[in-house]
Structure formats: C-alpha cells, structure tokens
Protein chains: 4
Amino acid sequence: MATHTAQLFSITTGSSEPIYRQLVEQVRRLVAAGQLAPGDGMPSVREVAQVLALNPMTVSKAYGLLEMEGLLARQRGMGMRVAERAGAARSTASRAELLRPTLERAALEARQLELDSDTVLSLFTLILKEQA
Amino acid sequence: MATHTAQLFSITTGSSEPIYRQLVEQVRRLVAAGQLAPGDGMPSVREVAQVLALNPMTVSKAYGLLEMEGLLARQRGMGMRVAERAGAARSTASRAELLRPTLERAALEARQLELDSDTVLSLFTLILKEQA
Amino acid sequence: MATHTAQLFSITTGSSEPIYRQLVEQVRRLVAAGQLAPGDGMPSVREVAQVLALNPMTVSKAYGLLEMEGLLARQRGMGMRVAERAGAARSTASRAELLRPTLERAALEARQLELDSDTVLSLFTLILKEQA
Amino acid sequence: MATHTAQLFSITTGSSEPIYRQLVEQVRRLVAAGQLAPGDGMPSVREVAQVLALNPMTVSKAYGLLEMEGLLARQRGMGMRVAERAGAARSTASRAELLRPTLERAALEARQLELDSDTVLSLFTLILKEQA
DNA sequence: GTGGTCTAGACCACT
DNA sequence: GTGGTCTAGACCACA
C-alpha cells in the first residue's frame, strides 16, 4: 500500500521547479482530493527516493516542510502519516481554486501564442481524455 | 514600439521559474505568434529592466540566450532585433503544440485534485474570458 | 514505591532532546540529590514505559546506559536497583555544579534578549515558587 | 559589520540541539531584542559557516526556515536582510516570556537536585555577573 | 525498519 | 559575490 502511494507521485527532473516542491504540492493536492486521508501512512522517505530515483534527503526535505505545514505528522520510528487535523477532502469548488494558478498561466501563454479560446479548449479537452 | 513590446512581458518574481527563462519563453511565444516579426526591434536591455524592475544583467542574459538560439540578432550600437531567420509566424497547430506541456501539467494537477473534465473546462473557459 | 519513582520522571516528547537522554539525566540528578539512594529499587522498564507512554526499548536503553555508567545495577530476575557504589548524596555545592550548564544557557539567552539581571532574577524567582 | 553580526552567534556542537535550530533561535532572540533591526543585512551563509566552522548547508537551512517564518527576507543575489515586517524590538515583558521555557527547565532540574531557591539564585546571580 | 542531522562538494540562478 | 538545490554517504535516535 505504501508502494501504491509512492506511485501516485510524478516528478519531472527537467523542470526548474525544485523536486522537493513538486512533491510538497502533489501531497497537498492528494490530501485536498481525499486520495490521502487523515491517518493514512505515507510511503517511507527511502521508498519514495528509490521509486522516483531521488536522493533521500530531497524527499526528506519535502516531508519536513509538510510536517511544519501541519499536513503530515511524524510517528517517531514509525514513519509519517497524514495528520488528523489535515482536514478532510475539500469541496469541489475549493479544490478547483487550487488549480486556478496553473490555468491562469496556461491562459497567459495561450494569449501570447495568439491562440483563440476554441483552439485551446479543444486541445485541453483532448489532453484531459488522454490522461483519463 | 519598443516600449510597447516591453509591456508584452509579464514576469513573476515570486516564482521558482528563473526570471531570465520566463523572458526567453515569452519571446519564443511572441515570435511564434507573429507578435514579434523578423526585423522588429527589441526594447533595450535597460528599458526592459526598468519597466519590469529587474536587474539589467538578468535581461541581458535572456537576450544572450535568445541570440545564441538564433531568434534575436545583435545590431552593433542599435540594440537587438528579431532575426530574419527566426521563421515567420507558425501555423495554429504548430503554436498549439507549444502550449501542450503547460496544459498537460494542468491536466495532471486536475486529476490529482480529482476534478472532473467538465469542472476544469468550465473554470478554464472562465479564465480565458477574463483575460480577453 | 517503584510507581512513585516513575512519577518523578518528567519527559517532553516534543523536545529535540532524545527521550532516553532526558531519562538518563534525570536519574543522575535524582541520585545526586539522594532522592534515589544506593540500594533503592528502580521501577521496571515496562512500568516506566507505561506511565510515560514511551516505547519500552527507549526506557531500556536509558537503563542500559546508566548501568554502564555504574549508577544502576542489574539484579537478575529482580529488576534494577541503584548501585551501592553510586555514591551517596553529594554536597550542595557539588549538586549545584550539575545545574551550572543549564543556568549558563539561560544567562546566554537572557543576554541575547537584552534582559537585565533584575528582570531575569525576578522571573526566575517567580518560577521557582510556582513549582514549589 | 557582517562579520560583527556573525560573532553574535554562539553554537554548541556537542549539544543534542541541532545546530540549525540553535541558529534559528538565536536569530529570533537577537531580533526580539532589537540587536538585529528590520532592514539590517545578515552575514552571508558562507561567512557564518566559516566563522562557526560549519557546513554552509547547515546555515542555509537555518536561514531558509527564518525566511519561511517571515523574520528574514531574501534579496536575490544580494544576501538576506532582517524583514521589515519582523516587528521592532519587543517590550521587556514580551522578551522575558521568551526566556521562560529555559528558566522552567532550570527550575525543574534544581528541584530534582533538591537545591533550595536561595542556593540556585545565588549561583545564577554569579553566572549572570560573569557573563556581563 | 523509520526519519533527522550533518558534511563535502557540485552546479545553478542572480547581482 | 549572494542563496538554492541536489547528490552521496555517514552517523544518530527511535520502534
């Protein structure tokens, strides 16, 4: 099951977005969506590091930040779990707001590429289906 | 017109995306869209730096990379211009491809937030109209 | 009485000070003060673990270190007792020296907070009375 | 001046208190006391690391945490400075509260050592004078 | 087994 | 020059 959770992560090493931050943001989204529920055990630092071919310290940094944020809780010697006070899955509207910044960036790029809304929406629809 | 061009740029200092790369990618998009056509003069390093409140060296670095890439050409004593061989505005399909990575990222985040396509497309449509 | 002894301990799980070391140092102080006299029986590992909600191995580690140090002695099948050669209660001056490092740390912090001696001593006096 | 600031730090490598946390807490105290005022430049990571014989990453971790806390602000390429919104020097009473946890610990240890208040206060007074 | 801390050293982004 | 990120590898505390 821990292995399963580790598989949820998808990092892009080529991005300028630091790896540890990609991890932090993905955990935030998974918790917001309820895919990671309060009390769930997180995969170990070493396991995530191995699955994603990262240095354990990079994963540890992400976990540490999430702990400071109150989203994860440490169980001494027994790994991390999703904090009870992490809040249950949020409403659809609330989760949609978390997606807004990325969509705004996409809209900005579309405008700079002088692509009309129909073209952009068609392409986006296609991509959403591909991933489904 | 040079001033006008500088206004096309929109940088986010708080982002982890390096500023110089934000500039490079925006110029790429503006050239692909034809908003910057071969032969057009670019605003001076100093001007862009002042308008966007950046360090001139940051702007200079972006220009340097774009020159190496062949998109911009240096005219001694006369600033930079868009290179003749920069290629004319590309087709809509070609430009849409440049937008694909950003849309794929948005789709990934949407899936992690467990948002269905309809919700995401509605929000995106709204954002596209806001910016228009 | 064993139970009573376990109550003497006061550990802080949130501290960065390892739990086993908190235990070791408290036993050292209790022996120095004579509250634990040579020959006295120590509460069992299991009991301390239960009373303080700790993992028994943590308590066992502390006891092991104190045994190596010569402060505790193992009696096969009968738990641990304070070693005869643990030395009787020390003099006041000798015990005060054990407190010096903590007071020096407090003095350092006070200086960094730019608090004058009178303010610090007033607060400390207050705290000493509260605990009495 | 930067060098002078670095000299304000005093870390104990032998302690179980992590070095980066010792740094964080000292900066908090120095800011609370007004010895580090909003706008002041902090000594560079490398300088602190050299003066205290630490690894730069350790210092960097402390600075990073203080930035997240809002006490320090990064100036890209120009080092860190004390944040404007760090708040001016606090009142004496407010600063004294920051000292309370350490004094409470000292009082606990004193009680376990069965030292009476007079003895403890005498020793503390002595230590406060030594450091002055 | 778990996470935490630290070091040494590399490379990057920015001024 | 500044800080940021990452790796590799070591040792510690805890279960």
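Residue numbers begin at 1 in each chain, while the letters A, B, ... track the order of the sequences.
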Does A:Arg105 have any salt bridge (charged side-chain N to carboxylate O under 4.0 Å, His left out) partners at least two apart in sequence or in another chain, and if so, which?
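With neighbours one apart ignored, the set is A:Glu109.
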When the nearest nucleotide of DNA chain F is assigned to D:Gly77 and to A:Gln75 on a heavy-atom basis, which residue is associated with the more 5' position?
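Result: D:Gly77.
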A:Met78 or A:Arg46: which one's nearest nucleotide on DNA chain F is closer to the 5' end?
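First, find each residue's nearest nucleotide; the 5'-ward one identifies A:Arg46.
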Contacts under 3.5 angstrom, residues 23-33 of chain C side chains, donor-acceptor by atom type, not counting sequence neighbours:
residue	atom	partner	partner atom	Å
C:Gln26	OE1	C:Ser10	N	3.1
C:Gln26	OE1	D:Gln112	NE2	2.7
C:Gln26	NE2	C:Ser10	O	2.6
C:Arg28	NE	C:Glu69	OE1	3.4
C:Arg28	NE	C:Glu69	OE2	2.8
C:Arg28	NH2	C:Glu69	OE1	3.3
C:Arg29	NE	D:Gln112	OE1	2.9
C:Arg29	NH2	D:Gln112	OE1	3.1

Dot-bracket, DNA chain F: Watson-Crick or G-U, under 3.5 angstrom, [ ] crossing, | other strand?
||||||||||||||.
Which is more 5' along DNA chain E, the nucleotide nearest B:Arg21 or the one nearest A:Met80? Just name the residue.
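Looking at the nearest nucleotide for each, A:Met80 comes out on the 5' side.
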Earlier contact from the 5' end, DNA chain E, for A:Arg74 and B:Tyr20
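The residue whose closest nucleotide sits nearer the 5' end is A:Arg74.
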Could you walk me through whether C:Met80 and C:Val45 pass side-chain contact (heavy atoms from CB on, under 4.5 Å), step by step?
CA-CA 9 Å; C:Met80 310 276 284; C:Val45 166; over 6 Å; no
What contact category does B:Asn55 fall into here, base, sugar-phosphate, or nothing, at under 4.0 angstrom with non-hydrogen atoms?
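Counting heavy atoms under 4.0 Å across all strands, the contact made by B:Asn55 is with sugar-phosphate only.
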Apply side-chain hydrogen bond (donor to acceptor under 3.5 Å, both in side chains) to A:Arg74 and list each qualifying residue two or more places apart in sequence or on a separate chain.
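Partners of A:Arg74 under the side-chain hydrogen bond (donor to acceptor under 3.5 Å, both in side chains) test: A:Glu67.
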With sequence neighbours excluded, what pairs up with B:Arg81 under the side-chain hydrogen bond (donor to acceptor under 3.5 Å, both in side chains) test?
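B:Gln75.
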Could you tell me from which nucleotide to which nucleotide of DNA chain F, 5' to 3', there is an atom under 4.0 Å from chain A heavy atoms?
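First-to-last contact on DNA chain F, by the 4.0 Å heavy-atom rule, is F:dT5 to F:dA15.
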Checking side-chain contact (heavy atoms from CB on, under 4.5 Å) for the pair A:Leu36/A:Met42: CA distance, chi angles, key distance, verdict?
CA-CA 9 Å; A:Leu36 287 176; A:Met42 292 294 293; 4.0 Å; yes
Check D:Ala106 against C:Leu103 and note the closest heavy-atom contact, atom names and distance.
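Minimum heavy-atom contact is CB-CD2, 4.0 Å.
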Enumerate donor-acceptor pairs with a distance under 3.5 Å from any side-chain N or O in residues 48-62 of chain B to protein atoms, sequence neighbours excluded.
residue	atom	partner	partner atom	Å
B:Asn55	OD1	B:Met57	N	2.8

First locate atom CG of A:Leu99, then atom CD of A:Glu104, and finally report the distance between them rounded to the nearest 0.5 Å.
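One finds 10.0 Å between CG of A:Leu99 and CD of A:Glu104.
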Using a strict heavy-atom distance below 4.0 Å, which residues from residues 56-67 of chain C are in contact with DNA chain F?
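Those residues are C:Thr58.
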Determine which pairs satisfy salt bridge (charged side-chain N to carboxylate O under 4.0 Å, His left out) with at least one residue from residues 6-16 of chain A, sequence neighbours left out, and list them in order.
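Output for this query is empty, none listed.
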Please tell me if the side chains of A:Ile19 and A:Thr13 come closer than 4.5 Å, counting only heavy atoms from C-beta onward.
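Side chain of A:Ile19 against side chain of A:Thr13, heavy atoms only: contact under 4.5 Å found.
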In whole angstroms, how far is the C1' atom of E:dT15 from the CD1 atom of B:Ile19?
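Roughly 11 Å, once rounded to whole Å.
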